[in-house]
Student: 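I have a structure I would like to understand better, so I am pasting it below and will then ask my questions one at a time.
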Amino acid sequence: MKIYNTATGRKETFEPLVAGRVSMYACGPTVYNYFHIGNARTFLFFDVVRRWFQYIGFDVRYVQNITDIDDKIIAQATLDVVPAAQVAEKYATAFIEDTNALGIEQPDYQPRATQYIPQMIALIDELVKKGHAYELDGDVYFAVESLPGYGSLARKNLDDLKVGARVAANTRKRHPSDFVLWKAAKPGEPKWDSPWGEGRPGWHTECVVMSQDLLGDTFDIHAGAIDLIFPHHENELAQARARTGKPLANVWMHGGFLNMRGDKMSKSEGNFFTARDVLQKYDAETVRLFFLSKHYRSPIEYSPELLDEARTAMANFYDALQFVGWKPGNDAQASWSDEAKARRDEFIAAMDNDFNTARAVSVLFELARAIKNEKDYAIELRREFARLLVDLGGALGFFTDAASRLEVGGALTGKLLDLLVGYRIEFRSRKMYDMADRVRDDLAALGVELKDTRDGTVWSVRHDEVE
RNA sequence: GGCGACAUGGCCAAGUGGUAAGGCAAGGGUCUGCAAAAUCCUCAUCCCCGGUUCGAAUCCGGGUGUCGCCUCCA
């Protein structure tokens with residue numbers, strides 16, 4: 001198992017802290033709005049990371065936070081003329097709904113910043129006492145110069161940052177890169193008591209406190225999108241090192257962006273679609289396939305054409321399953337035939353190589369092709385391929401609901417369809433083609449597709465349009 | 001100004017020194033009452049210029065282009 005580690009800039013063999021276990025923390029959303037489809041890429045990818053670790057036998061402990069107190073939430077609350085907590089609650093709920101709709105498994109723990117205020121205050125206090133932070137009119141800042149090696153994660157040095165700093169604002173900070181740990185409350189803002197007066201925590205502290213509380217001082221994997229490397233993750237790392245002298249995480253994983261017409265999709269630039277919007281047009285598996293068709297560290301261009309392609313491809317997978325009469329059951333077999341094993345090994349090798357999902361997905365395509373290839377493969381083998389397809393696909397989060405997708409409205413509906421198909425077969429054998437075609441056309445109007453294969457007439461329900 | 005990533009067929013995309021996976025689209029054949037499906041065939045020398053090597057899309061140097069980070073940000 002090799003993973004690209006931002007901290008070292010290299011692909012490394014993954015060595016868990018505890019054999020057989022993985023502790024991972026992914027930065028979640030700041031809940032001031034619906035998240036966009038670019039955010040979805042990140043959430044979805046780390047869902048796949050988690051599923052993969054589980055597939056290969058790891059016991060995974062997965063934490064993803066929700067930032068429910070932040071300047072942007074306060075700003076939105078001001079616009080909506082409601083309490084900030086109400087904005088946070090609304091979009092936190094929406095976040096959970098939307099990630100569910102995307103087929104993302106909920107994390108084992110989903111801490112919220114406001115649940116950890118005392119712990120954050122304790123950490124900040126400790127940093128002040130150790131000389132790594134200082135107060136300034138009710139704000140508290142982390143002194144980046146107090147910590148040798150600050151900037152190592154992003155491979156930046158303080159001098160360069162000084163030059164590049166475009167933020168003039170607070171000239172009273174000791175160093176322009178000093179970042180805020182505690183913010184004094186302005187009138188009307190949400191606030192908590194602290195040794196430095198009433199205020200709220202800065203963004204970079206919550207993840208340190210929550211991850212260390214739930215996963216320990218140092219854990220296996222810390223994840224997020226590429227933009228979080230600096231300053232967010234750098235600042236988390238700084239606080240953790242200042243506190244414990246140890247790294248916060250052994251492996252830092254960062255996913256690439258989803259771009260819109262060349263630019264990164266971003267709420268502040270207004271060029272985005274919410275995941276909600278996209279799910280109106282494309283089902284969750286289509287979105288998943290669209291993302292997983294490319295390596296997670298590469299940028300992806302948002303493209304309706306490619307989403308359409310992904311939809312076609314997904315339909316083909318289900319066609320293949322239908323083709324050999326796949327039924328839910330023991331897809332995860334203890335042993336596989338040589339033919340199946342060869343493909344499974346290829347899939348595993350791809351995933352174990354820094355989560356090469358694009359390569360892994362191509363194995364699924366090859367399986368689908370083989371499943372439908374009645375000429376070269378015996379039906380038993382093709383059925384095994386189907387089980388393998390569902391098994392491996394499941395490791396990527398596909399086919400989790402295949403049974404119900406392939407099933408139509410219960411047993412009676414299935415029997416009625418078989419009856420109608422029987423009529424078509426009968427009509428065809430009597431060369432009553434107008435009636436035979438009427439059966440097919442009428443069913444097509446209802447979204448049921450008939451195909452006359454060598455093995456007889458089969459029906460399938462079109463699922464490629466989401467209303 | 002500093003740091004970093006990427007550049008593969010009509011489109012998407014894998015490839016990490018051994019002679020270009022896969023998907024979509026397109027064209028042609030077989031099969032078929034028709035349609036669909038299935039099946040067979042066709043479709044790239046990897047941004048440019050140098051270098052290393054028996055051999056490079058893959059390594060090194062130099063260009064060009066695109067993008068990201070340095071500021072809230074998935």
Side-chain angles (χ1 to χ4, degrees), chain A residues 6 9 11 26-30 32 35-46 70-72 75 151 154-157 159-169 176-177 179 203 223-232 234 254-259 262-269 272 275 289-290 293-295 297-301 303 305-313 316 319-320 322-323 346 350 353-354 356-366 368-369 372-376 427-428 431-434 436-437 440-441 444 449-455 457-458 460:
Chain A
T6 303
K11 238 186 249 184
C27 287
T30 299
Y32 68 103
F35 66 89
H36 63 61
I37 190 67
N39 303 340
R41 179 188 184 190
T42 305
F43 302 146
L44 203 147
F45 173 68
F46 290 111
D70 176 87
D71 289 358
K72 290 193 292 287
R155 270 181 285 287
K156 294 178 186 299
N157 65 65
D159 295 338
D160 293 340
L161 288 172
K162 221 175 225 169
V163 173
R166 279 177 279 175
V167 257
S177 292
F179 55 92
W203 178 43
I226 193 169
D227 57 331
L228 294 188
I229 297 173
F230 197 93
H232 186 54
E234 188 73 57
H254 293 98
F257 276 135
L258 178 69
N259 297 141
D263 295 321
K264 74 170 182 178
M265 186 176 281
S266 118
K267 287 176 188 168
S268 53
E269 290 175 34
F272 68 94
L289 181 61
F290 168 68
S293 293
K294 191 155 176 173
H295 187 84
R297 285 187 282 115
S298 304
I300 297 184
E301 197 69 25
S303 158
E305 291 76 21
L306 291 177
L307 277 161
D308 288 343
E309 267 189 25
R311 179 155 61 190
T312 303
N316 284 341
D319 266 1
Q322 184 105 19
F323 210 82
E346 198 183 335
N353 182 11
D354 195 27
N356 190 338
T357 56
R359 181 66 183 266
V361 161
S362 79
V363 174
L364 300 186
F365 282 125
E366 280 167 16
R369 197 177 162 80
K372 290 199 265 193
N373 185 339
E374 47 200 358
K375 198 174 131 204
D376 293 346
F427 286 138
R428 287 183 71 213
K431 298 197 190 304
M432 295 166 68
Y433 295 122
D434 53 338
D437 289 347
R440 186 176 64 196
D441 294 344
E449 201 171 20
L450 295 191
K451 293 165 192 160
D452 302 321
T453 74
R454 279 179 199 154
D455 297 336
T457 298
V458 299
S460 62

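Lettering follows sequence order; numbering is per chain, from 1. Values reported hereafter were calculated over all heavy atoms of this structure, with side chains retained and with hydrogens, waters and symmetry mates removed. Just so it is clear, the model here is predicted, and its values are computed rather than measured.
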Student: Which nucleotide, if any, forms a Watson-Crick or G-U wobble pair with rG9(B), using both distances under 3.5 Å?
Tutor: none
Student: Could you check which nucleotide pairs with rA44(B) in any of the strands shown, counting Watson-Crick or G-U wobble with both distances under 3.5 Å?
Tutor: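 Paired with rA44(B), as far as the under-3.5 Å criterion goes, is no nucleotide at all.
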Student: Can you tell me the distance, in whole Å, between the CG atom of D441(A) and the P atom of rA36(B)?
Tutor: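 After rounding, the gap between these two atoms is 13 Å.
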Student: Can you tell me which nucleotide in rA74(B), rA14(B), rA38(B) comes closest to the side chain of S298(A)?
Tutor: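 It is rA14(B).
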Student: Just do the side-chain hydrogen bond (donor to acceptor under 3.5 Å, both in side chains) check on E301(A) and S303(A) with the steps written out, would you?
Tutor: CA-CA 6 Å; E301(A) 197 69 25; S303(A) 158; over 6 Å; no
Student: On a whole-Å scale, what distance lies between the P atoms belonging to rG22(B) and rG15(B)?
Tutor: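 Each nucleotide's P atom is 15 Å from the other's.
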Student: Give the rounded distance in Å between these two atoms: CD of E234(A) and C1' of rC70(B).
Tutor: 11 Å
Student: With a 3.5 Å limit on both atom pairs, tell me what rG4(B) is paired to, counting Watson-Crick and G-U wobble, or say none.
Tutor: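 Pairing partner, where one exists within any strand: rC67(B).
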Student: Once rounded to the nearest 0.5 Å, what's the spacing between atom OG1 of T6(A) and atom CD of E234(A)?
Tutor: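 It is 11.0 Å, given to the nearest 0.5 Å.
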Student: In whole angstroms, how far is the C1' atom of rG33(B) from the CE atom of M432(A)?
Tutor: 14 Å
Student: Choose from rA38(B), rG23(B), rC67(B) the nucleotide whose nearest atom is closest to any side-chain atom of N259(A).
Tutor: rC67(B)
Student: Looking at N353(A) and N356(A), would you say the former's side chain and the latter's main chain have a donor-acceptor pair under 3.5 Å?
Tutor: no
Student: Could you give the distance separating rA37(B) and rC73(B) at their P atoms, to the nearest angstrom?
Tutor: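 Those two atoms are separated by 48 Å.
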Student: P atom, rU16(B) versus rC11(B): distance in rounded Å?
Tutor: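 Straight-line distance between the two P atoms is 24 Å.
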Student: Please report the distance, rounded to the nearest Å, between CD in E346(A) and P in rG22(B).
Tutor: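 Computing the E346(A):CD to rG22(B):P distance gives 10 Å.
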Student: Given atom CD of E309(A) and atom P of rC24(B), what is their separation to the nearest angstrom?
Tutor: 8 Å
Student: Tell which nucleotide pairs with rU52(B), taking only Watson-Crick or G-U wobble pairs whose two distances are both under 3.5 angstrom.
Tutor: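 Because no pair has both required distances under 3.5 Å, rU52(B) counts as unpaired.
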Student: Of V361(A), L306(A), T357(A), T312(A), which is the lone residue that meets side chain to side chain contact (heavy atoms under 4.5 Å, CB included) with L289(A)?
Tutor: V361(A)
Student: Can you tell me how far C1' in rU71(B) sits from the matching atom in rG51(B), rounded to whole Å?
Tutor: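 Comparing C1' positions in rU71(B) and rG51(B) gives a spacing of 42 Å.
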Student: Is the backbone of I226(A) close enough, under 3.5 Å, to the side chain of R297(A) for a donor and an acceptor to pair up by distance?
Tutor: no
Student: With rounding to whole Å, what would you report as the distance between rA21(B) and rU32(B) at their P atoms?
Tutor: 33 Å
Student: Less than 3.5 Å between a donor and an acceptor, one on the side chain of D319(A) and one on the base of rA37(B), is that the case here?
Tutor: no
Student: Is the distance from OP1 or OP2 of rC24(B) to the nearest side-chain N or O of N316(A) less than 4.0 Å?
Tutor: yes
Student: rU58(B) pairs with which nucleotide, Watson-Crick or G-U wobble, both distances below 3.5 Å?
Tutor: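 With both distances under 3.5 Å required, rU58(B) matches none.
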Student: For rA38(B), give the paired nucleotide (Watson-Crick: N1-N3 plus N6-O4 or O6-N4; G-U: N1-O2 and O6-N3; both under 3.5 Å), or none.
Tutor: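 WC or wobble partner is rU30(B).
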Student: Between rC60(B) and rA7(B), how far apart are the two P atoms, rounded to whole Å?
Tutor: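 Looking at atom P only, rC60(B) and rA7(B) are 14 Å apart.
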Student: Mind calculating the distance between CZ (R297(A)) and P (rC6(B)) to the nearest angstrom?
Tutor: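 It works out to 8 Å between those atoms.
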Student: Considering only atom C1', compute the distance from rC46(B) to rG9(B) and round it to an integer number of Å.
Tutor: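 Their C1' atoms lie roughly 10 Å apart.
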Student: Which value, in whole Å, describes the distance between the P atoms of nucleotides rC67(B) and rC41(B)?
Tutor: 41 Å
